[in-house]
Amino acid sequence: MTFERRRTRQIWVGDPAGNGVAVGGEAPISVQSMTTTKTADVEGTLAQIYDLAMAGADIVRCTCNEREAAEALAQIVPRSPVPIIADIHHQYLRALEALDAGVACLRLNPGNIRKPEHIKAVAQACKDRGVPIRIGVNGGSLDPELYEKYGDAVTPEALVESAQRELDYFREVDFEDVKISVKASNVPIMIEAYRQLSEAVDYPLHLGVTEAGPPPAGLIKSTAGLATLLSEGIGDTIRYSLTADPVEEARAGRQLLEALGLRERKGLDLIACPSCGRAEVDVIGLANAAQTALSDLNIPIQVAVMGCVVNGPGEAREADLGIAAGRHKGHLFIKGKNVKVVAEDQMVDALVEWAKLIDAEGIDAALARADAGAEAEAEADRAALLDEQGDDANDAGTKVELIRKH
Ligand code: SF4
């Protein structure tokens, strides 16, 4: 099942023949993040860009707040694995310098650069070079005039009007190579602003909840806004704005798109049971250890960590690989079929070994290596546990009796 996407125009962030990324149209929804280094620190910024690209960012934005930053961008852009967007604050001259540095796109905040002649000069320069602009409206820095017009409040209508005004300036120089964002920190306002904008224009939209804050609340707020819109087919590129290491932003963006089936899985999808009275092991500790051991392998498989062999292999039968605990052993399974039994302290190592095997040889080849006795041993442990714990390990029957007494 997939979500039907609203059709937008397509633009290119960067060179289609190089590391450029298409945004809009039928292009895959892309993940963005932003560096937190001083852009003037070329090596530090490049190191972070590589980390972000590894974590799933398709496009990275760097601040261009001073001349030194623009000069550094000239050195960063040719060495970057992903297209670089320059974030322009109040000085339109920085935009022109960033274009000279060869950036793939500019981000302009209509609330910050307000002189029409400056806006048009930047749009004309972008047009001359074939470089797109993101109109980045932000509730926190909304044009004061619009803020006043809408009753001293950030409203969806005010955000959309700010974007429309900027578009009008761009059209005066016949420039429409744009994508747009209308971010707010209030999730319902952000959702409504994007809904209204997507009705009004067919430019690609960059989604984000601004100033979402540190995880986990920032992740939840961002996901609420982004996932709602993506499930309605709205959005062509996304950014989590977290008060955290930006690698977390890139990772979250990628994981959200994978979870919604909007991008192919690139890395690990670890699922785990919530644990219950049947658990034969510390499921939280085991799941965290497995996540740590498997994450960096970048193997695109789903791995299940299950607390008991009674229900684990069945409940996680869709997983490519999994392990279920039982009687001080780990029962390894592939697509629900038990393939090996290992000692309890070998469970994580076994997952790593078999994940690599699946990656190298595929599921069928791994299944062919199943130990002959694994299925029978799992069945015996399942039966023994049922015998010991009964079929009501969570003691639900006693609770039901208690309830009935009232
Ligand atoms: Fe986990 Fe087993 Fe409980 Fe299911 S029954 S939640 S697999 S411990």
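Atoms within a ligand are numbered from 1 in the order they appear, just like the ligands themselves. Nothing fancy with the numbering, it's 1 onward along the sequence.
Among protein heavy atoms, the minimum distance from atom 2 (Fe) of ligand 1 is reached at C308 SG, 2.3 Å. Of the protein's heavy atoms, N311 ND2, 3.2 Å lies nearest to atom 5 (S) of ligand 1.
Taking the side chain as every heavy atom from C-beta outward, E249 and T36 never approach each other to under 4.5 Å. With contacts defined as side-chain heavy-atom distances shorter than 4.5 Å, the pair L205/I234 qualifies. Put simply, the side chain of L99 reaches to within 4.5 Å of the side chain of L106, judged on heavy atoms.
With a 4.0 Å heavy-atom cut-off, ligand 1 is reached by no atom of E280.
Interface atoms of ligand 1 facing C273, defined by a heavy-atom separation under 4.0 Å, are 1 (Fe), 6 (S), 7 (S). Listed by number with element, the atoms of ligand 1 under 4.0 angstrom from any heavy atom of E315 are 4 (Fe), 7 (S). Listed by number with element, the atoms of ligand 1 under 4.0 angstrom from any heavy atom of A279 are 8 (S).
For C276, the nearest N, O or S atom to atom 3 (Fe) of ligand 1 falls under 2.8 Å.
No more than 12 heavy-atom neighbours from other residues, nucleotides or ligands sit within 6.0 angstrom of CZ on R317.
Side chains of T35 and Q48: no donor on one and acceptor on the other come within 3.5 Å.
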Decide yes or no on salt bridge (charged side-chain N to carboxylate O under 4.0 Å, His left out) for R94 and E66, but give the supporting numbers first.
CA-CA 7 Å; R94 298 289 92 78; E66 54 189 8; over 6 Å; no

